[in-house]
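A short worksheet on the structure shown next.
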Amino acid sequence: MRRKVTKAIFPVAGMGTRFLPATKSVPKEIMTLVDRPLVQYAIDEARAAGIKEFIFVTSRGKNALEDYFDHAPVLEQELRKKGKDDLLEVLKQTYMDSGAIAYIRQHQALGLGHAVWCARRLIANEPFAVILPDDVIAAEKPCLQQMVEAYEETGGNMVAAMEVPPEMASSYGILDVSEDMGSLAKVKGMVEKPKKGEAPSNLAVIGRYILTPSVLKTLNHMKAGAGGEIQLTDAIANEIDSEAGVYGMRFRGQRFDCGSKAGFLQATVAFAMAREDLRDDLESFLREIVQVDKAAQ
Ligand code: UTP
């Protein structure tokens, strides 16, 4: 039987320069969509997919992230005293079982591949998931759960893929597909941030992966690739000719790039509009400002 995926790595050691000055003191993953930090969406998605061990690769200045998953006795006591049971309930989503969460430091931001490699000893010899919390995916069935279900059939390595317009391809890792089976595509090549006109397809890799431990072995001796960083894509590409192979999965859902300002704002609006308590007010506000804007043009 195929080994279940129960461990996930959350690489959060990047500097988040696109959100400076905010990220000078606030980790990007703690920034909130409506009332929950990005990292909460990632943890919920992992839990839904059956993940039991949560490994964060962090860096200096990310203490707020560790505190977020800790109990807060003074706050809890205060809420209890005031009879705010509903808020105590809200806090429960932030608690982790003892020993279920681990933090590893990436001492230097040498790239996503290097960040994942930093967690190698906690992964040992089993398949694992990687979730980038700044890719937030709104989906009926959480994206990683869709992938785990597909992985149970295929095994091997799997990356979440979405179609992008040709002019956007140079911002992503792009898949070269040998066999397209609808929601799954067998991969025969991967190009990180291809030059204009050189993308082998319109299928872009986004921040969800299920990987074999062999990817970690490749990372053991990998040198910096595109952008001077150790690229995870390059290590995954090394698996293409292995027996396990690499699959791209077209997930069902909408992905927001919350690592960019525009994506973060779009996600904020989309997640707020999905909330019954906020939808009506927000919608009339948005209509109003769009009209004012049009009138001014
Ligand atoms: P990004 O490319 O978005 O980089 O990393 P960043 O530093 O977070 O943000 P910008 O570009 O400076 O604004 C993608 C993911 O990989 C992690 C990041 O934390 C993010 O989750 N990462 C990246 C690391 O953990 N370590 C690295 O060395 C690089």
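Whatever order the structure lists ligands and atoms in, that order sets their numbers, starting from 1. Predicted, not measured: the structure shown is a model, and the values here were computed from it.
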Purely on distance, is any nitrogen or oxygen of [X] under 3.5 Å from one on ligand 1?
X	result
Val57	no
Leu110	yes
Glu229	no
Gly16	yes

Indicate whether the side chain of Ser59 and that of Gln106 have a donor and an acceptor atom separated by less than 3.5 Å. no

Side chains of Gln40 and Thr94: do they bring a donor and an acceptor to under 3.5 Å? no

Quick one: does His114 get within less than 4.0 Å of ligand 1, heavy atoms only? no

Only heavy atoms of [X], strictly under 4.0 Å: list the atoms of ligand 1 that pass.
X	answer
Ala109	28 (O)
Asp134	3 (O), 20 (C), 21 (O)
Ala115	24 (C), 25 (O), 26 (N)
Lys28	3 (O), 6 (P), 8 (O), 9 (O)

Treating [X] as the side-chain partner and [Y] as the backbone partner, does any N or O pair qualify as donor plus acceptor under 3.5 Å?
X	Y	answer
Glu126	Arg3	no
Arg208	Leu132	yes
Thr58	Tyr103	no
Glu140	Gly253	no
Ser242	Asn238	no

For [atom], closest protein heavy-atom neighbour:
atom	answer
atom 16 (O) of ligand 1	Leu112 CD1, 3.6 Å
atom 12 (O) of ligand 1	Thr17 OG1, 2.5 Å
atom 1 (P) of ligand 1	Arg18 NH2, 3.9 Å
atom 25 (O) of ligand 1	Ala13 N, 2.9 Å
atom 28 (O) of ligand 1	Gly111 N, 2.8 Å
atom 26 (N) of ligand 1	Gln106 OE1, 2.7 Å
atom 7 (O) of ligand 1	Met15 N, 2.8 Å

Which one of Cys258, Gly14, Gly207 has a non-hydrogen atom at the shortest distance from atom 19 (O) of ligand 1? Gly14

Of all heavy-atom pairs between Ile104 and Cys118, which one has the smallest distance, and what is that distance? CG2-O, 3.4 Å

Residues, nucleotides or ligands: over 12 heavy atoms within 6.0 Å of Asn220 CG: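 Yes.
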
Within the supplied structure, the quantity of interest is the number of heavy atoms (other residues, nucleotides, ligands) at a distance under 6.0 Å from Asp86 CG; does it exceed 12?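 Enclosed: over 12 neighbouring heavy atoms sit under 6.0 Å from CG of Asp86.
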
Check: [X] ring centroid to [Y] ring centroid under 6.0 Å:
X	Y	value
Phe128	Tyr209	no
Phe271	Tyr41	yes
Phe69	Phe54	no

Should the proximity of [X] to ligand 1, defined as any heavy atom under 4.0 Å, be assigned to the side chain, the backbone, both, or neither?
X	result
Pro11	both
Thr23	neither
Gln108	neither

Evaluate the 4.0 Å heavy atom contact test for atom 5 (O) of ligand 1: does a protein atom fall under the cut-off? no

